Structure formats: C-alpha cells, structure tokens
Amino acid sequence: MKPNIINEELINQMLRKSAAACNASGIRSILSKARQAKGLDAADTAALSGISSPELLGELFETAKQVKETIYGRRLVLFAPLYISNLCKNECLYCAFRAKNTAVKRRALTQAEIAAEVEALEKQGHKRVLVVAGESYPRQGFQYILDAIETVYATKSGNGEIRRVNVNIAPLTVEEFKQLKAARIGTYQLFQETYNRQTYKNVHLGGQKADYDWRITAIDRAMQAGISDVGIGVLFGLCDWRFELLALMQHIGHLEQKFGIGPHTISVPRLEPATGSDMASHPPKPVSDIDFRKIVAILRLAVPYTGIIMSTRETPKMRQETFALGVSQISAGSRTNPGGYAEGEDVLDEAQFSLGDHRSLDEVIYDVANLGYIPSFCTGCYRLGRTGQDFMDMAKPGLIKEHCDPNALSTFLEYLLDYGSDKTRAAGEALIANALNEMGDTSRQRSQTMLAKVRQGQRDIFC
Ligand code: SAM
Ligand code: SF4
C-alpha cells in the first residue's frame, strides 16, 4: 500500500482556492496571525504563496524579518559539507554523481583522506560538518559511513575538533538508522527533492532512489530508530514551488502527528549547474530570485521554530538577503568534490554541482559580522541532549535564547582568537561588545562568564 503522507489532490485544490481568494485584507490578517510566531496552517501558507503585489510582498518580508529576529535574534550557525564519496548507483537527472555520467571522475575517500579533509576544515575553524555521499559505498558497505563518522570525531588538530557531525546520505533501514544514531550523529538530513510523484518519476530514472515511497518514508524510519533531529528539504526547480511548499507542510504535519515532533531543519537548495546534467542548467520549473525569497519568508512564518538552511549554492547577495528573512544556518568555505579541502581548489569534474559562493570561512564570517549577524559554532543543545521534543519545549516559550546567545558568543570568540584574521577579529570583537549591551541580564551575565573563560584559554564552553 502507498504511504499516505502527501495528498496531491488536496494540495492542488488548495492552490486553486487560494488563487481565487487571495485579497489584501485576507493576507494582512494571516500576517498578523503570523506575528504571534505560532505557525500557520496549509491554507494560510497557500494564500501567502499567491502574493504578487509589491506592497503585500514588502509586508510579507517585513513580518518574516520580525519573526526571525524574535526567535533567532541575530545568530547564524555555520557548518561545512564534507563530501566523502561521489560513487552512486542512482540516475538522478540533475546530479553530476548519477551513475551513467562519465564526465565525473569517481572517488571514495579513504579514512586517511577523510582525516586530512577534517584537519583542513578544523584549521579554518569549523566545528560542525555535514557528511555527504552518493548512494553506493566502497566494499565495506554502510560500515564505510559509520567509519567515516568515527574518523571525523577522532581527528583533532591543535584547538581544532569537530563537535557535531550531521549526515546527508541515502535512506536506510530502521536497523541501519539505529547504527547511525549510535555513531553520535547530530541531524539526519534527507531531501525528498520533489514531492510530486510524476515529477519524481521523470527525474529519477534508476537505482533505489527511483522508489518514491522508500524515500518519503525514510524520515519515519529514522524517527522510529530514535533519531529525533531530522532535516527535510526540496530541490527547488524541479516542480512548481507552491506545490512543494504545501507538500512540505503536509510532510511536517505527518511527522508531528505520528511522532509528536516536526523536523529540526528545512533545507532550500535550488538547482545549480552540474557537470554532465542538462537539467541542472535548465530547471524544468525555475524559481526566480523573488520567489526564492518568498519561499524563505513563508517557511519562516509557517514553521517559526524550524531552522532554515542555506548552502553555498546561492550567491553572497542572495544569502545576505535571506538571512534577514529567516535563514538560521549557512554553510561556508564549501567544496563539493571529495578531497576538495585538503587538496585545494574545486575540481569541477569531481564535484556535485557548482557553487554560488566561493569565499573562505573567514571572508564569510567577516561579511556576516559586518551585517550585524553573530556567527555561531554552537553544538550545545545536541551535546546536552536538548534535541527533538526537549529542544522544542525550550524553544517555544523563548527560553532557548538564554542558551543560544551565550553559546553563540563563546564559540564565535573561540573562532576569532584561534583562527580569525586581524580584520575579522576587530569586527567580531566590536560585534560581541554590542551584542552584550543589547542582551537581557541573565544572558549577559552568563555570556560574560563564558567569554572570560575563553579569553583565559579554555575551549568548548557551552551551557
Ligand atoms: N545521495 C544522497 C541523496 O541523493 O539523498 C545524499 C547526497 S546528495 C549528494 C545531496 C543533495 O544534493 C541531494 O539531495 C540533492 O537535493 C542535491 N543536489 C543534487 N544535484 C544538485 C544540483 N545540480 N544542484 C543543487 N543541488 C543538487
Ligand atoms: Fe546519487 Fe544523490 Fe546525486 Fe542522486 S542526488 S545521483 S542519489 S548523489
């Protein structure tokens, strides 16, 4: 029997209705509801997706900015993807790693090569990585992934260490997910790519990934295995973005109903050019820059407590604009070719897709700090077991800020002292002083104690 997670008919019906009913006063009443930061239902989400007047669009963006600022303040969590292998048995037409693509050189890093990558990331100052791989592992099979995670955690250099390993790998069985949890992963991330069955079929021509149902049920299996931090996402550009947005809401509703908790993060990749893929350069349903901003803003209002992740697929300009609208996590200094950190430059004929932001971590941090955002390398919640429901229980009444703000400042100061260039350190210290001034008493006192410890040479201070 087909899993009953996405109801396409209902989505199409809602989109038709919302197109007819979308008027200014209706939109304004949805926006005033959204300001309470309690989320929106699917019908409200559909209505917001139909906004086209510049005036209402401005109001949507303004509301998203307010909600983002109330819940997340000015923190931005930073991470780097770690591509360990580009071997793949699937035929996703948009991806350079697809099996039949002869334009890509295949490579699965050895554990020693993975350790070299991790050292290179640590020397830049990264503390959080996202392990990424195609769906085919060397002869060790799935154990290859488990070994890679162990290698990442075990590789330390000077003050450098990776404190949280998230993974973006193909769907697993419940038993395998249990092993992934035992390997101490942070978030298990998996994008459905498109929730539309027909589009899914058109773009996934072979391999296990061609099975829509195996993929749509993967997050359920991860949760059954006890992984409470999960990330979902859509690859925008394959199908109408409005459809995908409502389907995302249905997926979230399903998880909340079945497990009492939704996803920890949502990723919003847009199709980028990829070696050997026509589709990647000519998306079937391209998403314009303005619609892309709309997607981020609507998600921020619809699921205020779910992190939104923006990768280096996007240009620095688009990344800046979407920080304000709702993005809470960004990758920086990324390479999408296995071995790309230790061995230097992007190697296009080994990479998954081309990047929109080529700047180093320090350049990104300098820029983010100048925009008034506080770069955070915090891994506190995950290490203190504040995940899943426990995290939401603190986040919803606003209590989590008293942890996130001090943790952001202490990990940012670590970065500045250990890795920051002179100009980034100067910009960062000014930002920290400013942030302390603006904090409430509890957070300020906590932050000052933690910052003093970091200045005295202690590391990995979190609350
Ligand atoms: N192979 C696993 C899978 O497909 O789920 C995990 C890793 S895959 C490399 C990670 C993600 O990259 C995919 O889920 C897809 O959304 C994204 N991706 C693939 N091709 C892309 C492209 N041309 N532009 C942007 N993102 C792309
Ligand atoms: Fe393989 Fe993932 Fe690329 Fe599809 S998206 S070809 S499964 S690496």
Side-chain angles (χ1 to χ4, degrees), residues 81-104 106-108 129-137 142 144-145 148 166-172 176 180 185 187-195 199-200 202-212 214-219 221-222 230-239 244 248 265-287 292 309-315 318 331 334-338 340 348 350-357:
L82 173 54
Y83 279 73
I84 57 171
S85 159
N86 63 13
L87 312 184
C88 196
K89 287 187 179 145
N90 294 323
E91 255 326 286
C92 312
L93 287 183
Y94 45 80
C95 181
F97 294 174
R98 76 196 152 80
K100 288 190 186 143
N101 186 11
T102 49
V104 155
R106 302 294 162 167
R107 179 168 187 196
V129 300
L130 172 70
V131 165
V132 186
E135 187 165 1
S136 170
Y137 308 125
F142 173 57
Y144 173 70
I145 300 288
N166 298 335
V167 292
N168 184 323
I169 56 164
L172 303 170
E176 288 166 333
L180 204 57
I185 61 152
T187 308
Y188 172 68
Q189 194 183 74
L190 186 76
F191 311 151
Q192 184 63 25
E193 320 296 11
T194 171
Y195 284 99
T199 309
Y200 191 93
N202 296 345
V203 301
H204 299 109
L205 299 191
Q208 172 82 313
K209 192 163 166 183
D211 184 347
Y212 178 103
W214 177 245
R215 198 163 179 96
I216 191 84
T217 50
I219 298 290
R221 292 193 296 281
V230 294
I232 61 175
V234 162
L235 182 56
F236 285 101
L238 297 176
C239 180
E244 303 288 21
L248 262 175
T265 56
I266 297 176
S267 296
V268 290
R270 264 198 300 188
L271 261 183
E272 290 298 329
T275 306
S277 164
D278 259 5
M279 178 172 286
S281 308
H282 304 98
K285 296 278 177 192
V287 175
F292 192 58
I309 303 182
M310 174 77 59
S311 77
T312 38
R313 290 172 179 87
E314 296 297 332
T315 61
M318 178 53 80
S331 50
S334 306
R335 300 267 183 272
T336 68
N337 54 308
L348 213 53
E350 290 176 8
Q352 194 198 10
F353 50 80
S354 60
L355 301 172
D357 186 343

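Worth saying up front: this structure is predicted, and the values here are computed from it rather than measured. Numbering of ligands and ligand atoms starts at 1, following listing order.
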(request) For the pair Y94 and H204, evaluate ring pair (Phe, Tyr, Trp, His ring centres under 6.0 Å) and give the outcome as yes or no after the intermediate values. (result) CA-CA 9 Å; Y94 45 80; H204 299 109; 5.5 Å; yes

(request) Determine, step by step, whether V268 and M310 satisfy the side chain to side chain contact (heavy atoms under 4.5 Å, CB included) criterion, reporting the C-alpha distance in whole Å, the side-chain angles of both residues, the deciding distance to 0.1 Å, and the verdict. (result) CA-CA 6 Å; V268 290; M310 174 77 59; 4.2 Å; yes

(request) Show your working on side chain to side chain contact (heavy atoms under 4.5 Å, CB included) between E244 and K285 and close with a plain yes or no. (result) CA-CA 11 Å; E244 303 288 21; K285 296 278 177 192; over 6 Å; no

(request) Any chance you could lay out the side-chain hydrogen bond (donor to acceptor under 3.5 Å, both in side chains) test for T265 and Q189, step after step, and finish with the verdict? (result) CA-CA 8 Å; T265 56; Q189 194 183 74; 4.7 Å; no

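For a distance bound of 2.8 Å, the N, O or S atoms of C92 include none lying that close to atom 3 (Fe) of ligand 2. At a threshold of 2.8 Å, atom 1 (Fe) of ligand 2 has a backbone or side-chain N, O or S atom of C88 nearer than that distance.
Contacts with ligand 1 closer than 4.0 Å are made by side-chain heavy atoms of A274 only, the backbone lying farther away. With a 4.0 Å heavy-atom cut-off, ligand 1 is reached by the backbone of R270 but not by any atom from C-beta on. Contacts of F191 with ligand 1, taken as heavy-atom pairs under 4.0 Å, involve the side chain alone. The residue N90 has no part lying near ligand 1, judged by heavy-atom distances below 4.0 Å.
Taking every heavy atom of G134 and a limit of under 4.0 angstrom, the matching atoms of ligand 2 come to 8 (S). Using a 4.0 Å cut-off to heavy atoms of R98, the atoms of ligand 2 that qualify are 6 (S). Ligand-side atoms of ligand 1 in range of V132: 7 (C), 9 (C), range being under 4.0 angstrom from any heavy atom. Counting the atoms of ligand 1 from 1 in the order shown, those under 4.0 Å from a heavy atom of L235 are 16 (O), 25 (C), 26 (N), 27 (C). Of all atoms in ligand 1, numbered sequentially from 1 with element shown, those under 4.0 Å from a heavy atom of L190 are 5 (O). Close approach of ligand 1 to Y94 is summarised as follows: ligand atoms under 4.0 Å from at least one heavy atom of the residue are 19 (C), 20 (N), 22 (C), 23 (N).
Within the set M279, Q189, R215, the minimum heavy-atom distance to atom 5 (O) of ligand 1 is found for R215. For atom 1 (N) of ligand 1, the nearest non-hydrogen atom from the set A133, P273, A280, A170 belongs to A133. The nearest non-hydrogen atom to atom 3 (Fe) of ligand 2, considering only A99, A96, C95, comes from C95. For atom 10 (C) of ligand 1, the candidate residues are N86, L87, N168; the nearest heavy-atom contact is made by N168.
A donor-acceptor pair under 3.5 Å is absent between the side-chain atoms of Y212 and the main chain of Q192, judged by distance alone. Of the possible donor and acceptor atoms, one in the side chain of R270 sits under 3.5 Å from a partner among the backbone N and O of V287. In this structure a side-chain-to-backbone donor-acceptor pair under 3.5 Å is missing from S277 to A274.
Under 4.0 Å is where a charged nitrogen must lie from a carboxylate oxygen, and between R221 and E176 no such pair does.
Tested against N90, the residues E135, K209, R98, K100 include a single side chain to side chain donor-acceptor pair (under 3.5 Å) partner, E135.
The shortest N or O to N or O distance between Y83 and ligand 1 is not below 3.5 Å.
Classified by interplanar angle (parallel below 30°, tilted 30° to 60°, perpendicular above 60°), the ring pair F97/Y83 is perpendicular.
Between L190 and I219 there is a side-chain heavy-atom pair separated by less than 4.5 Å.
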